[in-house]
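Worksheet: the structure to be examined is printed underneath.
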Protein chains: 2
Amino acid sequence: MVRKPEDGGGEPRREAAPHPRRRPTIQDLARAAGISPSTASRALSGNGYVASEVRARVLAAAEQIGYVPDGNARALRNRTSRAVGVLISDIRNPFYANLAAGIEEQLRAAGYHVIVVNNGGQAEAEVEGARTFLAVRVSAAIVTPVSGRAVRMLMDDGVTVVQADRMVDGLTSDGVLVDNVQGSQEITSHLIDLGHTTIALLIDETDWTTGAGRLAGYRAALRAARLPMDPALVVPTRFQPDAARDAVNALLDRRPDVTALFAANNMLAEGAFQALQGRGLRLPDDLSLVAFDDVPWMSMVSPGITTVDQHTDDLGRTCAQLVIDRLSGSAPTLATVRYIEPSLVIRGSTAAPHGVRTHAAGAGSRPVTTAPSPG
Amino acid sequence: MVRKPEDGGGEPRREAAPHPRRRPTIQDLARAAGISPSTASRALSGNGYVASEVRARVLAAAEQIGYVPDGNARALRNRTSRAVGVLISDIRNPFYANLAAGIEEQLRAAGYHVIVVNNGGQAEAEVEGARTFLAVRVSAAIVTPVSGRAVRMLMDDGVTVVQADRMVDGLTSDGVLVDNVQGSQEITSHLIDLGHTTIALLIDETDWTTGAGRLAGYRAALRAARLPMDPALVVPTRFQPDAARDAVNALLDRRPDVTALFAANNMLAEGAFQALQGRGLRLPDDLSLVAFDDVPWMSMVSPGITTVDQHTDDLGRTCAQLVIDRLSGSAPTLATVRYIEPSLVIRGSTAAPHGVRTHAAGAGSRPVTTAPSPG
DNA sequence: GATCACTGTGGTAACGATGCCACATCCGAT
DNA sequence: ATCGGATGTGGCATCGTTACCACAGTGATC
């Protein structure tokens, strides 16, 4: 029941002290090093003059007595902390989990720590989260915005904000976006190149930059191929897999001529996949399926799902780096928006529609990964 | 490119102020309400006498001027904060993501916020994370321990610690564990009931409570069925899917008589699944596959994988609740360990071995969910 | 020999919230 | 009339850190 090699139970255990020993302060440190608190502070921070011999003595003493600067006192005094708020919708969704992971790693390496608030897509919870960030004086916040209110609150208080994945109109913060139009156009073109002409788009919203971009890319690809744009093929649904499943079933009942289905995100893809399985349709023979946002199950099923990989880790790391640059003053003064270029991952869920020969044309000029099914 | 209904761009925008307006302090609040800071403090916190008329005035003024108490000043003064540290291994792994989500939701509802540190399974990063927690004076920490050093550091400083999923020996903190022995025994018995006698266990470690418990449960099930325990069927591997895949391939080359495979966690299951796919083996006809820890892809593939569901959300929420109880002083004084009872989820990946008839016996006395394949 | 720049150190006043204590009422009881 | 308790309020010190300022040396320059 033990991690034997590491539990390090060698030292005698301290008795459960009723009052745990007071943490050493910079006063204690100064006393230990035989100097004043001011000098100790300068020695640690490197601001101002300190004789190098003294600095060494202070560092040694700090190590020796186990001095850890009090983050709260610092934050109070400096009116800013090493904390960065991360406000996302649903950490259970691999997209947000990877985003958060990328952010956390990059920020931790730069000496910041993250406070994570899950808003569940609720504007109310989002505002609550922003309030928390203000209360603890985060130096910056990274937000996948829901309503814009939270972002505005933070910006109005002078907090550095980076919007991730999507941006609210009318707010000039930094942002990191995925090139949704490009990715969507590319994967739609992939279907068209295979010979599909009746391609349905399953989508939950077109008000955010994400949904709007994906819809635009889908349209652009059809237009470029001079295919008709049939509004009935743009299938609205709610964000839940169950809703998507029902929507797909309704669509296929209504339109048996659909040969390819494009799910605008991983949740919808899940529902779509379940619907197709439930109907006993075989991929890619009976229907081709593609999805925006590559998540683990898509490479586990057989055949694997052809997707647009958003490079979510990169997205997160880029957000974090933007924050770091801003806070260190090395970012340009104007608000910056960076774009992550997504890439197409071709797997087995796409093929020429039944009885149609593939075009000779390739998938376009952009990088394409061809991934085998697992194994 | 906008979330139209909510962007709320109605109010005139504040000019980008060179010095963002100073945040109102309790002094400002006191002035606005025509009383002293002390009284304002009492009005807000409810400690001590305040005339109800005055309290109302203070609350109104707070609302009006947008007063938000400074968390750092509070933390400095009170020597503790509303922050709880969450120290986990890999938020990209759905197990940890769900754990973190459960924790965050429960704590947020109780007015705490979480600082998340991903240690990547590295003892060094874990200690670094603990140092961060100490620096910001978290009031408690929830840790999936790697080495025990971090937990010890925190406890030595008087921080309330809850160990999650596994516990380090020799440290008497609270903990929330999954009943690994029970879950493992149950799923192994399920295979035995189906008629399997040559069941391999793929496992990465047996030093932590998790691995040790799962191995013990596997053994107990074999013993209960009076089946021989063949040490060569306990297959060690590293924690990565790739390593697990190689290990499974090597096993099946060596032991073609294996009819069922039990992967001790979701990462190993991923590798195992890939290996089976790569070999063109059909589930459950050629081999039965089961896994400890139910993650999304396991219900997406066909057939679905039979698993032990650890109720990870519950695990997280229970940890959080333990923290809340401890901090509010309502937990028992002694260290408490709570157990989460896992449950068996039977899907299509398990069946009688080729040419064997199923026992009449049921799966045992514990609750069992039978989940259909998706659709 | 006075002035100046530079190096190096310590004292002190904040940062914002809070809880103790002193003080001021007002009421009923002695 | 005095006391004591209950109710209500404000002053002040404090949490730990840091930036500003004053000041003390030292050496170089006029």
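In what follows, every chain begins at residue 1, and chains take the letters A, B, ... in the order their sequences are listed. Computed from heavy atoms alone, side chains included, the values below leave out hydrogens, waters and symmetry copies. It should be emphasised that the depicted structure is a prediction, and the values quoted were computed from it without experimental measurement.
Partner of A:Gln163 under the side chain to side chain contact (heavy atoms under 4.5 Å, CB included) criterion, chosen from A:Ile142, A:Leu177, A:Leu171: A:Leu171. Applying the side chain to side chain contact (heavy atoms under 4.5 Å, CB included) test between A:Leu59 and each of A:Leu29, A:Leu44, A:Val54 identifies A:Leu44 as the sole match.
Atom CZ in A:Arg55 sits roughly 12 Å away from atom C1' in C:dG8 (whole-Å rounding). Between A:Leu29 atom CG and D:dG16 atom P there is a gap of 14 Å when expressed in whole angstrom units. When rounded to the nearest whole Å, the span between CZ of A:Arg31 and C1' of D:dT17 equals 15 Å. Rounded to an integer number of Å, the gap from A:Asn47 CG to D:dC21 P is 15 Å.
Closest approach to the B:Ile35 side chain among C:dG19, D:dG10, D:dA19 is made by D:dG10 (side chain taken as heavy atoms from C-beta onward).
Considering only heavy atoms from C-beta on, B:Val337 stays 4.5 Å or farther from B:Asp174 through its side chain. A 4.5 Å side-chain heavy-atom check between A:Val143 and A:Leu154 finds at least one atom pair inside the cut-off. Using a 4.5 Å heavy-atom cutoff, the side chains of B:Phe133 and B:Val159 are not in contact. For the pair A:Val84 and A:Ser139, the minimum side-chain heavy-atom distance is below 4.5 Å.
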Using a cutoff of under 3.5 Å, can you pull out all pairs of nitrogen or oxygen atoms linking the protein to nucleotides 6-8 of chain D, with atom names and distances?
residue, atom, partner, partner atom, Å
D:dT7, OP2, B:Tyr49, OH, 3.4

Check: Which parts of nucleotides 12-17 of chain C does protein reach within less than 4.0 Å, heavy atoms only, written one letter per nucleotide 5' to 3' as B for base, S for sugar-phosphate only and - for none?
Finding: BBBBBB
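In this structure, B:Thr39 reaches the D:dG10 phosphate: one of its side-chain N or O atoms is under 4.0 Å from OP1 or OP2.
Between B:Ser89 and B:Arg166, the shortest heavy-atom contact is OG-NH2, 3.3 Å.
Checking side-chain atoms of B:Arg82 against main-chain N and O of A:Thr132 turns up no donor-acceptor pair under 3.5 Å.
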